[in-house]
Amino acid sequence: MDQTHNEIEKIFSPKDIETKWYTRWEEGKYFKARKGKQHRPFSIVMPLPNVTGRLHVGHALDATTQDAIIRFKRMKGYETLWLPGTDHAGIATQAVVEKLVWEKEKKTRHQFTKEEFVEKIWQWKREYGNIILDQQKSLGASADWDYAMFTLDPDANKAVREFFVNMYNEKLIYQANYIINWDTTLQSAISDAEVEHKEVKGNFYHILYQVEGSDEKLEIATTRPETLLGDTAVAINPNDDRYKHLIGKKAIIPICNRVVPILADEYVDIDKGTGCLKVTPGHDFNDFELGKRHNLEIVNILNKDGTLNENGLQYKGLTCSKARLEIIKELEHLEILKEIKEHIHQVGHGERSGTVIEPMVSRQWFLNVQKMAKQGIERVTADTTRFFPKGWENTYFAWLKEPRDWCISRQLWWGHQIPVYYCKKCHYTWASKDEPSGCTKCDSSNFYQDPDVLDTWFSSGLWPLTLLGWPNPERMRERKFDTFYPTSTLITGYDIIFFWVARMMMMCDKAIGNVPFNHVYIHAIVRDKFGRKMSKSLGNGIDPLEIVGQYGADALRFTLTAGSGYNRNLNLDPERISGYRNFMNKVWNAFRFVHPFLNTAEQKLPTSNKLAPHERWIISELNSVIKIVNDSMEEYRYDDASAAIYSFVYDKFCSWFIELSKNILYSEDQKARAQRATVLKFTFKKIVAILHPFAPFITEELWSYLKSPQEDLLIVADFPEFTEELVFADDQNNMNRFIEIVSLIRNLRASVDIKPKDLVNVEIFTEIVEVKNYLQNNLANLQDLAKIKSMAIKNRSDIRPKKSIMAATSFCEIFIPLEGFVDIAAQVQRLQKDLQKAQKEFDKYNGKLSNENFIKNAPEDVVAEVKHNASEFAQKIAVIRENIQRFN
RNA sequence: GGGCGUUUAGCUCAGCUGGGAGAGCGCUACCCUUACAAGGUAGAUGUCGGGGGUUCGAUCCCCUCAACGCCCACCA
C-alpha cells in the first residue's frame with residue numbers, strides 16, 4: 001500500500017500539471033463549441049482588455065468568473081463559446097507608443113507623418129498585443145482563441161462603418177459646433193464619461209463690471225477670472241430685485257473692454273455667488289446653453305494646447321493658470337477686484353491624461369442617443385436583459401435616463417477613421433461603408449476622408465455583433481451568428497456599466513433589433529485586504545501571475561470564486577489564497593488515500609438497498625451539494641457553490657467518510673472492500689466534476705486516474721445532477737446522531753485531558769432501538785474515531801457507573817467511567833454549564849409557547865417545530881439534572 | 001448638489017419572501033493517530049452601528065440619527 005501512495009507526490013505541485021493540461025485542452029480543441037445534450041447555446045463575450053494591458057488581479061477575477069461559468073455550462077452540455085478579443089484603446093495605446101518612441105528615438109509623434117506613426121503602433125501591436133491573452137491562459141481560461149479579434153481588424157472596421165453610415169443616413173450621427181470636453185494634453189475631444197470630477201481648492205474672485213453709461217458696478221463672482229476675456233454677456237435672474245433695473249443695459253468687460261448685454265435668465269441662481277453671472281459661452285457648458293437661448297456671440301480664447309490665443313490679447317501664449325495670475329494682478333491694479341474667497345469645487349480632469357479639462361466649442365461628430373437610451377431602459381425593465389445582482393439596474397438606468405448626445409470624434413491618429421468623405425471639387429459630403437474610389441456625386445477622385453477617428457467605445461459598443469461576423473452574411477454564417485446571438489451572459493465590473501454595458505445595449509439593439517446579451521452579471525471590484533483600491537502608487541497590487549507561480553492557478557481561482565457573489569467589493573488577502581491552496585492539497589491527499597483501492601472498484605454503484613448506511617449517507621450528502629452547486633451557478637452565486645464544495649470535501653468526505661472507510665478497506669472482507677472502493681470512486685468522480693469549473697487543473701489531473709478508458713477528459717464530462725432517488729433521509733439522520741455521539745465523547749475526553757493514546761470505556765444509555773443498533777454496528781468505527789476500548793449499550797433504567805463523566809443528548813446519555821481520582825466538583829461545574837445552556841434554549845422556546853398570541857398567529861409548522869425543540873431540551877435538562885444529583 | 005450602497009465574531013464576508021446568527025482566515029490548548037503538520041481533535045468570541053416604530057416575534061420591513069464608501073452633476 002505504502003508504495004502505491006508514494007507514486008503520487010505527497011504535496012500537490014500545480015506547476016507541472018497546469019501546462020500539461022492546458023496544452024492538452026487546447027490541442028484537443030476542447031475550447032471549441034460543440035453540440036451537447038442540451039441542444040442550447042451558451043456564449044460569453046470577454047470584456048476587452050486593452051492591448052497595452054498586463055494581467056492584473058481584476059482581469060483574473062474577470063477571467064475566472066467567466067471561465068467557471070463557461071466550464072460549468074460546457075459540462076452541462078450546452079454548445080458553449082467564449083469569445084475573446086482585445087481593444088485598440090485609442091488614447092492609451094497611442095500614448096504608450098509615443099512614450100516608447102520618445103525613449104528610443106527622442107522624437108515626438110509630430111515628427112512623423114500620420115501614416116508612419118500609425119505603422120509604428122501596428123508594429124508594437126503585432127509584437128506585444130497578445131501578451132494579455134496569453135496571460136489569461138495561465139489561469140486556465142478556456143476561450144476559443146481562434147475567434148479572437150482586435151477592435152481595429154478590417155472586419156471590425158466593416159461593422160463600425162456599417163453602423164456609422166446607417167446612423168449617418170438616419171441623421172442620428174451629425175456634426176455640430178458644440179461645447180465639448182477638450183483635453184489639452186491629448187489635444188482631443190473626449191466624451192463626458194471620460195471626464196473625472198475631482199475636488200479642487202480654488203477661489204471665488206469677486207470682480208466689478210462697470211455698467212455702461214452709469215456709475216453703477218456689478219459685482220460678479222467667478223472661479224475662472226481669465227475667461228472674462230471670452231465673456232459675451234452678463235446675466236441676472238429676472239426676479240432679482242437688486243438687479244432688475246439693469247436688464248437691457250450693457251456692461252463693460254474689464255481689460256478687453258468689450259461691451260456686452262445684461263440679460264435676464266431663470267437659470268441664474270439668486271443665492272449663489274453674488275447672483276450675477278458672467279456668461280462665457282465659449283468655455284462653459286451652462287453658458288453655452290444660455291448663449292444659445294440668447295443668441296450670444298461665442299468667443300474662443302484658447303488654442304488646442306490650452307494656451308491663450310489672440311483673443312487673449314496681451315496674455316496670448318500664456319497657459320490658463322498663468323494668465324489667471326496675470327489677470328488677477330491687473331484687476332487689482334484697476335482696483336476692481338473686490339475680494340477673494342476660498343472655495344472648494346469640482347473640476348473636470350481627463351481620465352487618461354489627468355489634466356484639467358477645458359470646455360471648448362469645436363466642430364465634432366455626435367451620436368444622438370435619445371431613442372436608443374429609452375429603448376435600453378425598456379429592454380431591462382421588460383427583463384429581456386436581466387442584471388445580477390438586480391440592484392445594478394439602477395446604475396444602468398441612471399446613465400440612460402438623461403443622456404446627452406455622445407461626442408464620438410477624437411483628434412487622434414490611432415483608431416477607426418470617420419468614414420465621411422468630402423469632395424474638393426463639388427463640395428459634396430457623404431458617408432461610405434467602403435473605401436470610395438470617387439465622389440458619389442461628381443465622380444471626382446479629388447476627395448478626402450475626415451481626419452478624426454472614432455471614440456474607442458464606438459467599436460467596443462458593437463463588439464458582440466462584430467465577433468459574430470456582422471454585417472457580413474458569409475462571415476455571420478461561419479461564426480454561427482444565429483446560434484450565439486444574443487449572447488447568454490456578460491460578465492464584467494460595475495465600473496464599466498456606463499462605458500460599455502449601456503453602449504452595447506444601445507448600439508447592438510439599434511443595429512439589429514435585438515439585445516446583445518440576456519444576462520449581465522456584475523462582479524465585485526478587487527481591493528486589497530484593507531479595502532483599498534490596488535494601485536501602483538500604494539504598492540498594494542497583487543500580481544496574479546506571481547500568485548499562480550506561488551500557490552497555483554486553482555488556488556487563486558478558488559479564492560476568487562469563493563469571494564464572488566452579489567458583493568461589490570472583494571478584499572483579497574493573500575492569506576486566504578494560501579488557505580485555499582491548502583484546500584487543493586487536501587483534495588490531493590484525499591485522492592492519495594483513495595487511489596490504491598481503486599483497482600477493485602466497479603464502474604457502477606450497487607443498488608441502494610445493497611449499500612451500507614454510511615455509503616447511502618455520503619451519497620445523499622453528495623447529492624445535496626450537487627444541488628446547491630447547480631442552483632447557485634444558475635444565479636451566479638459562485639460563493640455559495642464554492643463554500644458548499646469546500647465544506648462537503650472537508651467536513652463530510654474527508655473527516656467522516658474516509659475515516660469510516662479505513663476499517664473496511666483494511667479488512668479481509670473482499671466484497672465490502674470492493675463495494676467501498678466503488679462508492680469512494682463514485683463520490684470522488686463527482687467531487688472532481690463539481691469542482692472542475694473552479695479548479696480545472698487539479699481536477700483534470702485527478703480525473704485522469706479516475707476515469708474509465710472510454711471516458712473523455714473531465715472538461716467535457718457530464719456535470720453531476722441532483723437525483724431524487726439518491727436522497728436517503730434516514731441515513732442522514734442516523735449519521736448525524738452518530739456524529740453527535742462521537743463529538744461528545746471527544747469533547748468529554750478533552751474536558752479531563754485524556755490523551756489520544758489512552759483508550760476509554762464508554763457506556764451509552766438509550767431506549768431507542770435504532771440508535772442501539774446503529775451503535776452496535778459501528779463499534780469498530782467508534783473505537784477508531786472516539787478512541788474507546790469498550791462500549792456498553794444499556795437501557796435508561798440501568799444503573800449509571802459511579803466515578804464517571806457524562807454528557808446528554810436528546811436521544812441518549814453518554815458515560816465514561818474513570819479509574820482513579822475524579823474531580824467531582826469540576827464535573828458538576830461542567831454539567832451545570834451544560835444545564836445552563838440547555839435551560840437558555842428551553843426558555844427561549846418555552847417562552848414562545850406560553851405566549852398565546854404566538855400559538856394563535858404563527859404558522860402551524862413553526863409552532864410544531866418550536867414544540868419539538870422545547871421537548872427535546874426539556875428532556876436534556878431532566879437528564880443533566882438527574883446526573884448532577886447523582887454526583888452530589 | 002443629486003443618487004446608490006455599506007455598517008453582523010479580531011479580519012474578510014454570507015444570511016433567500018420576518019421564526020431568533022453562520023463560513024473562511026486568524027486565535028487558544030492538546031496531538032507527528034498508517035491520505036494530508038499545506039494536517040487532526042477540542043475550544044473561546046457577537047447588546048447583528050445608535051434610537052424609535054410595525055408585529056405574537058425584527059439582523060431582515062418602516063422612520064430617524066451617525067459613520068464610511070461609491071457613482072452622477074456645467075469650474076458663478
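Since we're looking at a predicted model, the values are computed, not measured.
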[X] charged N/C atom sitting above [Y] aromatic ring, 6.0 Å / 45°:
X	Y	answer
A/Arg676	A/Phe597	no
A/Lys662	A/Phe593	yes
A/Arg503	A/Trp406	yes

Where the side chain of [X] is defined as all heavy atoms beyond and including C-beta, which of [options] is the nearest nucleotide?
X	options	value
A/Val356	B/rC75, B/rA38, B/rC56	B/rC75
A/Asn851	B/rG40, B/rC56, B/rC72	B/rC56
A/Tyr666	B/rC75, B/rC31, B/rA35	B/rA35
A/Tyr646	B/rC75, B/rG24, B/rC56	B/rG24
A/Tyr494	B/rC70, B/rG19, B/rA73	B/rC70

Pairwise P distance, B/rU28 and B/rU17 [rounded to whole Å]: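 Looking at atom P only, B/rU17 and B/rU28 are 39 Å apart.
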
Between B/rC61 and B/rG69, how far is it from one C1' atom to the other, in whole Å?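 Their C1' atoms lie roughly 25 Å apart.
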
Indicate the atoms forming the closest heavy-atom contact of [X] with [Y], along with that distance.
X	Y	answer
A/Cys276	A/Ile220	SG-CG1, 3.8 Å
A/Tyr705	A/His595	CD2-CE1, 3.6 Å
A/Leu228	A/Pro254	CD1-O, 3.4 Å

Can you say whether a donor on the side chain of A/Lys755 sits under 3.5 Å from an acceptor on the base of B/rC31, or the other way round?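 Absent.
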
Check: protein-nucleotides 42-48 of chain B nitrogen or oxygen pairs below 3.5 Å:
from, atom 1, to, atom 2, distance (Å)
B/rG43, OP1, A/Asn747, ND2, 2.7

Could you check whether [X] gets within reach of a base, just the sugar-phosphate, or nothing at all, counting any heavy atom under 4.0 Å?
X	result
A/Thr395	nothing
A/Arg404	sugar-phosphate
A/Ala590	base
A/His283	nothing
A/Lys844	sugar-phosphate
A/Glu659	base

How far does NZ of A/Lys844 sit from CD of A/Glu841, to the nearest 0.5 angstrom?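 Going from the NZ atom of A/Lys844 to the CD atom of A/Glu841 covers 4.0 Å.
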
Carefully, step by step, assess A/Tyr205 and A/Asn203 under the rule side-chain hydrogen bond (donor to acceptor under 3.5 Å, both in side chains). CA-CA 6 Å; A/Tyr205 299 90; A/Asn203 294 307; 3.2 Å; yes

Could you check how far CD1 of A/Ile628 sits from P of B/rC16, rounded to whole Å?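 Checked: the CD1 to P distance equals 15 Å.
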
Let me check I have this right: for RNA chain B, each base becomes ., (, ), [, ] or |, based on Watson-Crick or G-U pairs with both distances under 3.5 Å. What is the full string? (((((((..((((.....[..)))).(((((.......))))).....(((((..]....))))))))))))....

